[in-house]
Number of protein chains: 2
Amino acid sequence: MARKSGSHGEITGPRILAAAERLIARKGFAAVTMREIAREVGVQAGALYLYIPDKQTLLFDLMRRHMEELLAAWEAEPKGETPLEQLEAFARFHIRFHLARPDATFISYMELRNLEPENFARIEALRKRYEDILEGILKEGSAAGVFRVPDTKLATMALIAMLTGVNTWYREGGRLSRERVERIYWNMVRRAVKG
Amino acid sequence: MARKSGSHGEITGPRILAAAERLIARKGFAAVTMREIAREVGVQAGALYLYIPDKQTLLFDLMRRHMEELLAAWEAEPKGETPLEQLEAFARFHIRFHLARPDATFISYMELRNLEPENFARIEALRKRYEDILEGILKEGSAAGVFRVPDTKLATMALIAMLTGVNTWYREGGRLSRERVERIYWNMVRRAVKG
DNA sequence: TCTTGATATGAACGAATGTTCAGTTAAACC
DNA sequence: GGTTTAACTGAACATTCGTTCATATCAAGA
């Protein structure tokens, strides 16, 4: 029997990615088995291979999707005119986007070393494109005398680390609203680079 | 035969921790096998169990040692008088300490989810003690009107994330000296919280 | 109604895992 | 020189891993 109940064609493919994302974020890629993922989807382990070639590709697909959605979401974002407005847009966008996808964010920062070299290079390339966005804003603002940053690359890494750090402690329904967190972080970012 | 060459009593215990730290930092706890660690030490896998009870304890020992050394090192650090001086001391200390121990730092931030609940709680307690040091400085400076931080807990998390982020990109012998990195980061920290 | 093709099962594969343990070695002590 | 003892080996244990595949099921088209 193919399944206990329900009909075929009930989109199993996407459910695999969703289940894998949840499990890998919680336990780590190496600690999650294909059988666990299958159980979460409600299917036997062998059935996973109708949708993915192997476990490594599953991880790569999750990370690539996350990075591509990140870049696409920024493209669709209202940018602002001045470097200061752009920096605020970026800071708020970064917090908002990553807080909305805690699992994917966690995986993309923690599981890099479980990617095979070629896959690693491709994810790193996407990440660099994202970092270049922030560095571009900082460079422009530096040239205009609005920002004072001795090293734009270093400032880029510092600000992204700080902003991504929100994910490690923020909890929905906690003491602070997302809007309030955004404002406080934006204030720290602004003051950290203000000329 | 016990060994191919050399004599017994050549401190194998510490070498296990050192090898495990290197390997786990590079490949992740779940992806490292006891046989790999043993090979790195130059011993058979069974011999590891003369020094450690099991793999989980090995991870816990690494993380506990790191956190305890961190707290002890801060105790031994010259503190400064004013909140501003204390904050500078903390920022520079944090960067210096963690850059000197990239493997242990990496493990302590990445492998928390591989700790069993009880071990996790103990490591988290140590981490909280460390975060409380920075929050204490921020609170004191806020009360004195030297700092302007709307929420000391949030600022603590933001600054620690930013400072620890140095480890993700800094490379010995790279473009920037450690002293220069320290100064630039300290400047950003100072401006981010200055009243 | 018969055929087709996608979807899924469940058993099986070899390899690898953490851990144990009876036996071996060699240095240290009497 | 004989005994003790800590250090270590190497084989074995029961599980579990990712992956494959012959087979079964079912919905849809002819």
Side-chain angles (χ1 to χ4, degrees), chain A residues 1-24 26-63 107 111 113-116 118-119, chain B residues 1-24 26-63 107 111 113-116 118-119:
Chain A
M1 184 163 44
R3 348 171 74 231
K4 305 287 191 207
S5 65
S7 60
H8 279 179
E10 270 185 51
I11 42 120
T12 294
R15 294 187 60 198
I16 294 176
L17 284 186
E21 186 168 278
R22 257 196 316 272
L23 287 170
I24 294 175
R26 190 182 316 145
K27 316 181 48 179
F29 175 70
V32 170
T33 70
M34 299 303 278
R35 285 169 179 82
E36 278 181 289
I37 297 171
R39 192 185 319 131
E40 194 95 345
V41 177
V43 101
Q44 292 288 330
L48 299 181
Y49 291 86
L50 296 169
Y51 302 93
I52 52 161
D54 50 40
K55 199 188 179 196
Q56 165 72 205
T57 305
L58 177 57
L59 175 61
F60 175 65
D61 284 348
L62 283 175
M63 297 180 69
I107 291 172
E111 305 294 355
R113 60 186 159 184
N114 284 308
L115 288 175
E116 288 166 3
E118 187 188 346
N119 291 337
Chain B
M1 185 162 42
R3 346 169 76 230
K4 304 289 189 207
S5 66
S7 61
H8 278 179
E10 271 184 53
I11 40 120
T12 294
R15 296 188 58 199
I16 294 175
L17 285 186
E21 187 168 277
R22 254 197 317 271
L23 287 170
I24 294 174
R26 190 180 316 146
K27 315 180 49 179
F29 175 71
V32 170
T33 71
M34 299 303 276
R35 285 169 179 82
E36 277 182 291
I37 296 171
R39 194 185 318 133
E40 195 96 343
V41 176
V43 102
Q44 292 289 330
L48 299 181
Y49 291 86
L50 295 170
Y51 302 92
I52 52 161
D54 50 40
K55 198 189 179 195
Q56 166 72 202
T57 305
L58 177 57
L59 176 62
F60 175 65
D61 285 348
L62 283 175
M63 296 180 71
I107 292 172
E111 304 294 355
R113 62 185 159 185
N114 285 308
L115 288 175
E116 287 165 4
E118 188 190 345
N119 291 337

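Protein chains get the first letters and strands the later ones, always in sequence-line order, with residue 1 at the start of each. Excluded from the calculations below are hydrogen atoms, water molecules and symmetry mates; all remaining heavy atoms, backbone and side chain alike, are included.
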Quiz item: Would E36(B) and K27(B) pass as an ion pair if we require N to O under 4.0 Å?
Solution: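 Result for this pair is yes, salt bridge flagged.
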Quiz item: Between R113(A) and E111(B), is there a salt bridge with N-O shorter than 4.0 Å?
Solution: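 Salt bridge flag = yes for R113(A) with E111(B).
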Quiz item: Nearest 0.5 Å, what's the CG-CE distance between L115(B) and M63(B)?
Solution: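 It is 4.5 Å, given to the nearest 0.5 Å.
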Rounding to a whole Å, what distance do you find between [X]:[atom1] and [N]:[atom2]?
X	N	atom1	atom2	value
L58(A)	dC17(D)	CG	C1'	15 Å
L48(B)	dG18(C)	CG	P	10 Å
I37(A)	dT19(D)	CD1	P	10 Å
I11(B)	dC8(D)	CD1	P	11 Å
Q44(B)	dC21(C)	CD	P	18 Å
Q56(A)	dG18(D)	CD	P	13 Å
Y49(A)	dG10(C)	OH	P	18 Å
K27(B)	dA16(C)	NZ	P	12 Å

Quiz item: Sub-3.5 Å donor-acceptor pair from the side chain of Q56(A) to the main-chain atoms of N114(A), do we have one?
Solution: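 Yes, because the side chain of Q56(A) sits within donor-acceptor range (under 3.5 Å) of the backbone of N114(A).
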Options [options], nucleotide nearest the side-chain atoms of [X]:
X	options	answer
T12(A)	dA8(C), dG18(D), dT19(C)	dA8(C)
L50(A)	dT7(C), dT20(C), dA12(D)	dT7(C)
V43(B)	dA8(C), dC8(D), dT17(C)	dC8(D)
Y51(B)	dC8(D), dG18(D), dT19(C)	dC8(D)

Quiz item: So, is the end of the K55(A) side chain (NZ or CZ) under 6.0 Å from the ring centre of F29(A) and within 45° of the ring's axis?
Solution: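 Flagged: K55(A) positioned over aromatic ring of F29(A).
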Quiz item: Is the distance from OP1 or OP2 of dA16(C) to the nearest side-chain N or O of T33(B) less than 4.0 Å?
Solution: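 So the side chain of T33(B) is outside the cut-off, no N or O lying under 4.0 Å from OP1 or OP2 of dA16(C).
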Quiz item: Which residue, E36(A) or G46(A), contacts DNA chain D at a nucleotide closer to its 5' end, judged by nearest heavy atom?
Solution: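 Comparing both residues, the 5'-ward one is E36(A).
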